[in-house]
Protein chains: 4
Amino acid sequence: MEKIKVGVLGCTGAVGQKLVSLLGRHPFFEISELVASEKSAGMKYAERTSWREASPMPGYVRDIVIKSPCEELDARILFSGLDASVAGEIESDYAGRGYAVVSNSRNHRMDEFVPLVIPEVNGSHIAMVRDQETYKKSGGFIVTNPNCSTIVLALALYPIYRDFGVDKAMVTTMQAISGGGYPGVPSMDILGNVVPHISGEEQKMETELLKIFGSYDGNHVSNADITVSASCNRVPVRDGHTMSVSFSTCREATSEDLIKSLCSYEDLELNLSPDQVVAYMDDPARPQPLLDSATGGGMTVTVGNLRKCPVLGWKFNAFGHNTVRGAAGAAILNAELLVKEGFV
Amino acid sequence: MEKIKVGVLGCTGAVGQKLVSLLGRHPFFEISELVASEKSAGMKYAERTSWREASPMPGYVRDIVIKSPCEELDARILFSGLDASVAGEIESDYAGRGYAVVSNSRNHRMDEFVPLVIPEVNGSHIAMVRDQETYKKSGGFIVTNPNCSTIVLALALYPIYRDFGVDKAMVTTMQAISGGGYPGVPSMDILGNVVPHISGEEQKMETELLKIFGSYDGNHVSNADITVSASCNRVPVRDGHTMSVSFSTCREATSEDLIKSLCSYEDLELNLSPDQVVAYMDDPARPQPLLDSATGGGMTVTVGNLRKCPVLGWKFNAFGHNTVRGAAGAAILNAELLVKEGFV
Amino acid sequence: MEKIKVGVLGCTGAVGQKLVSLLGRHPFFEISELVASEKSAGMKYAERTSWREASPMPGYVRDIVIKSPCEELDARILFSGLDASVAGEIESDYAGRGYAVVSNSRNHRMDEFVPLVIPEVNGSHIAMVRDQETYKKSGGFIVTNPNCSTIVLALALYPIYRDFGVDKAMVTTMQAISGGGYPGVPSMDILGNVVPHISGEEQKMETELLKIFGSYDGNHVSNADITVSASCNRVPVRDGHTMSVSFSTCREATSEDLIKSLCSYEDLELNLSPDQVVAYMDDPARPQPLLDSATGGGMTVTVGNLRKCPVLGWKFNAFGHNTVRGAAGAAILNAELLVKEGFV
Amino acid sequence: MEKIKVGVLGCTGAVGQKLVSLLGRHPFFEISELVASEKSAGMKYAERTSWREASPMPGYVRDIVIKSPCEELDARILFSGLDASVAGEIESDYAGRGYAVVSNSRNHRMDEFVPLVIPEVNGSHIAMVRDQETYKKSGGFIVTNPNCSTIVLALALYPIYRDFGVDKAMVTTMQAISGGGYPGVPSMDILGNVVPHISGEEQKMETELLKIFGSYDGNHVSNADITVSASCNRVPVRDGHTMSVSFSTCREATSEDLIKSLCSYEDLELNLSPDQVVAYMDDPARPQPLLDSATGGGMTVTVGNLRKCPVLGWKFNAFGHNTVRGAAGAAILNAELLVKEGFV
């Protein structure tokens, strides 16, 4: 199989570097283009980028010359790790010119015909791209993945939502600093501290989940009938968002029922989808960032300590890797789904 | 006013050291006795104790010779920072011998006639000591303060409970390592990590609050009609427990009503009670351990970011210093109330 | 004694806030003016400043309207916490207009007639101001304190240098993040990490010490004949620089001699100078940032674990609070010396 | 090639787990025996061990029943991660019974005929085992690797020592918490702190290096003529020891000479020896624990910022992974050398 050429928009940033790192060893995607802001354009990737990934920069991208956001690109899929301040227009522009834009940015997530997709949860929504104006004209379109925290919550709740119904969910997050990008959170703010506020994060969790769990009739997505309350906190952890989650189910279930449900994801046979989409751990002190962020190569969401919640019925701990499952890996998984479903 | 002689049980431990530190500069308590386990008995306090408080050890206690738990003591009040594995019997023993035992340990908190007291919340409960068997025989009794997390939650919720009623509350805690004592939490477990489990902590929060908010008719405490759900996490913070709290009120209120209520604690004129029992902060990113743990000398609970909760109605952030307001300071405040009310 | 009016240049930054915090409770200095960049000018201090000190902002400065760097000021002494990128010119300008400028910035430290002073070490150097051009014309002048790391090293070595001679010193620093200001060091760089490089820091330590220990003949300072090698590292500590120091003495000494020397600072009777300028600790695991940064209100340098160094003869651990003894407190101490010596 | 059966002594501890983790995927070693203290004996490894490695426990060891230290073992090589309090006797006992004991413990390191080996540095020393009493009687013997800090220093200095001579070296370490095992360093001691003392560590560094760099004439090792001074500090870093190193060379060299020398390790063709034994980095802010601990699978020592030292001539930063290159990986590499040289 010939590899599919892909580009990375916002290639020098934190999400961009993670995309390059994961795509650099991907079996059927090949990075052919790298795009960053004007001031980086014209320079070689290795020269311009202050590489911060633990694994070395993929050799073949070192000499790729960075292009600026307006340029024509030799690539079929464009992964966007652009900052929200510029992502909206640039992504629309490229979609209008026929590219498949797979975005991690928040700008278009709630647009009417833009799929907000987690393949294992609502892969069918991907078909919405057919109704995008640009798709009809040029074949280009935009697909998005949810916010990093929403993805973890969605994966941890979805099987139970599907099997028993969930009408209310409350989540308190303890989020890693890598979610703030680089330079991101000042050390003076977070070393030995908790910051109980992340701008805009709670609203994203409270709204995005409704679209993801929504039913798609081939024309529109109807929001799911679930009420979500999120309280978001930043903690001095490098990678991975930990969550305390409470929820009420519509139909009765035992803890065995719920655990069985959690572990019942079917295999989508996508390259980056892990063996266990959700792994349940018996130890009440799990999951933890340090011990569980590498599970499934960072693509598995871990859940533990399912127990009764006196207020809502049930509660558990959930955890997921924010820059892999919650960002770069999420986008790549969406692209793999696009390939599988024949959209690229 | 002549100072009242007091002793500290468990004087070498983390809570014990904080008690010695706070009592060492107290206007009307004077440390006359220090008690620790057999293996410390007979040694001078300064020689035996690996002092870990930031302020220096009070000079006059340095040469006090540590006694063992069975010995007769020249003191009217005994503050107990004993480990729960031994506190139960030792405290009962001293109460039986006529001492006023003011305990931070969990063993007797839920005993029928043992007051579980936060002076600003349920100071009247202190009168329960009159019904303790030992009080009738020897004048001795036991008074307890709640668990550190419960105290912060209780102080942050009480005015609203009193003014508008609260029937459901959910709290997710992010607790400091000092709550685990010394050596306590291994660094390998918590550096750059979150541990989503603290043994027994959730149950304490879910039960103690009902007794504290309960009504006392002069004979018994009737538990308050409030359902509490707690999810407890350990985070890499040195001092102070941060909490995300959601709750539903029985009567309607605006956010202005609630903030006004929060700030309406009356002044009990106890030495260690701070000017502001609860301080409300407008900044949505407050309170934070680093910036707010010194407020009111560690005795003020800070609350911030009151906002609507889609599930329960309201939510806010709360914070309190776990070893001052939540432990040593709590016990000393209870002793001050005992003095004021004439029980010692 | 009427209070002396002082201004703070760079009042909103990290050093500026610490200056305001310490000056706000000073017995004979009174803040009358606050100066920051153009974009802050015209606003009240409390409105403009994101206050990050643990102690509350002094009440009387809250409503002071910030002025811009060119304005006339009603103050005798100007404390400068300005960034090095602008400090040079602004400080010279104010000195030329007759103000006593007491600076923490590096720009003028090595200027020929600018004293680089630590009162307990080389207070006599302060007389150099008389030879500044501006002093002769307007009475204005500039006095500087050394870099934070240099101050700690200088205080820890000086008594031994004075009593036994020191010809070589090697120091490896482990410096706190607060030395980088705010926002300063990104958390992604330092959480759970060591950064073995601080731009320009090693050179400052290797050169400033020679001027400080230099002899002043009333006209010039002759550099001390001591060779210093510094290796500077950033570590995830909030406040306080820890150092491993090795040195060789010119004359023989026992460890008792050296410890006695270390503790032999005479009392200068300056307000901010601590009872113990250097405190020696017997515990080989001291000093430590957490346990020793509050000693002497942050003005005491602590030394511990003096032992033989196979290469240079002796080694010990040293520690000092970088923003108090190493910056704001250092500047205020210099101003107190200026008052005592009649220069203001 | 049939795999060689190996056992792990002290299999449940921190070093033991790292040994099991690395050996579990080794191409020609196969774990056949696991040994721990009496209280673990008789239990299956997976049941008894609180596994803390990030990679999952190798499947085939899960059901191995742990044996106690006195038992007969079906293995040719025994890797020892035993605590120093018991390692001495147990290792001697097994050596006496014919086993090849490859130890990470300090007990026998300085014994006359026990090789203290880093294969890339002094692999020839391994032949010393022939002079061990037990070797002559039963074929059993003991081989040791140095202390974790010594290994990093030795690898970073050796090429320069070999090519230009080094007569003095000073090192200040900033060591990770994992060096203290589990539970090891209390979080109360190290979170946001530096502890400037690690018991016995400085002496190990100052003595072991002399034996490692010593010349072996086929009968004895003559200590190298180099003076080492070490100052050891614990910092809040999970894995990897960072060092500031100064040294003086016997013969003149340029920085290019030294860097070329550092990178001139020859390839020993041992499985675990990395492509680059030492990697030199141009960035003056490298190496860093977070960015460099995975280099060479944790087996590469990274060096950076070579520059002039005013006191000793040269200085650089060095870094190595303490539990891989400094402990478990070091022992396995020694065993690979034993196989290559025909000793097992």
Side-chain angles (χ1 to χ4, degrees), chain B residues 10 12-18 21 49-55 81 83 148 174-199 232-242 288-294 321-324 326-328, chain D residues 10 12-18 21 49-55 81 83 148 174-199 232-242 288-294 321-324 326-328:
Chain B
T12 60
V15 173
Q17 290 192 25
K18 183 63 84 180
S21 179
T49 306
S50 175
W51 188 252
R52 294 189 59 80
E53 292 288 306
S55 57
D83 187 80
C148 50
M174 290 157 282
Q175 302 185 217
I177 57 170
S178 60
Y182 184 85
V185 185
S187 59
M188 290 291 282
D189 280 343
I190 199 65
L191 185 70
N193 202 18
V194 170
V195 178
H197 186 62
I198 301 172
S199 184
C232 294
N233 301 277
R234 186 80 70 193
V235 293
V237 164
R238 188 156 290 271
D239 287 314
H241 294 349
T242 310
Q288 297 176 16
L290 274 174
L291 300 175
D292 300 305
S293 64
H321 194 300
N322 57 307
T323 65
V324 180
Chain D
T12 59
V15 173
Q17 290 192 25
K18 183 63 82 180
S21 180
T49 307
S50 175
W51 187 253
R52 295 188 58 79
E53 291 288 307
S55 58
D83 188 80
C148 50
M174 292 158 279
Q175 302 185 216
I177 56 169
S178 60
Y182 185 84
V185 186
S187 58
M188 290 290 281
D189 280 345
I190 199 64
L191 186 70
N193 202 17
V194 169
V195 179
H197 186 62
I198 302 173
S199 185
C232 295
N233 300 278
R234 186 81 70 193
V235 292
V237 163
R238 187 156 290 273
D239 287 315
H241 294 349
T242 310
Q288 296 176 17
L290 274 173
L291 300 175
D292 300 305
S293 64
H321 194 300
N322 59 306
T323 65
V324 180

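Predicted model, so just to flag it, every value in this text is computed and none were measured. The sequence lines fix the lettering, A, B, ..., with proteins before strands; numbering per chain opens at 1.
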Asker: Applying side-chain contact (heavy atoms from CB on, under 4.5 Å), run through B:Leu191 and D:Leu191 and close with a yes or a no.
Answerer: CA-CA 7 Å; B:Leu191 185 70; D:Leu191 186 70; 3.7 Å; yes
Asker: Between chain B and chain D, identify every pair of one donor and one acceptor N or O atom lying under 3.5 Å apart.
Answerer:
from     : atom 1 : to       : atom 2 : distance (Å)
B:Arg52  : NH1    : D:Asp189 : OD1    : 2.8
B:Arg52  : NH2    : D:Met188 : O      : 2.9
B:Arg52  : NH2    : D:Asp189 : OD1    : 3.2
B:Tyr182 : OH     : D:Asp189 : OD1    : 3.2
B:Tyr182 : OH     : D:Asp189 : OD2    : 2.8
B:Val185 : O      : D:Ser187 : N      : 2.9
B:Val185 : O      : D:Ser187 : OG     : 2.7
B:Ser187 : N      : D:Val185 : O      : 2.9
B:Ser187 : OG     : D:Val185 : O      : 2.7
B:Met188 : O      : D:Arg52  : NH2    : 2.9
B:Met188 : O      : D:Arg238 : NH1    : 2.8
B:Met188 : O      : D:Arg238 : NH2    : 3.2
B:Asp189 : OD1    : D:Arg52  : NH1    : 2.8
B:Asp189 : OD1    : D:Arg52  : NH2    : 3.2
B:Asp189 : OD1    : D:Tyr182 : OH     : 3.2
B:Asp189 : OD2    : D:Tyr182 : OH     : 2.8
B:Leu191 : O      : D:Arg238 : NH2    : 2.7
B:Arg238 : NH1    : D:Met188 : O      : 2.8
B:Arg238 : NH2    : D:Met188 : O      : 3.2
B:Arg238 : NH2    : D:Leu191 : O      : 2.7

Asker: For the residue pair D:Pro186 and B:Pro183, what are the closest heavy atoms and their distance?
Answerer: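 Looks like CB-O, 3.5 Å.
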Asker: Between atom CD1 of D:Ile190 and atom CD1 of B:Ile177, what is the distance when rounded to the nearest 0.5 Å?
Answerer: 10.5 Å
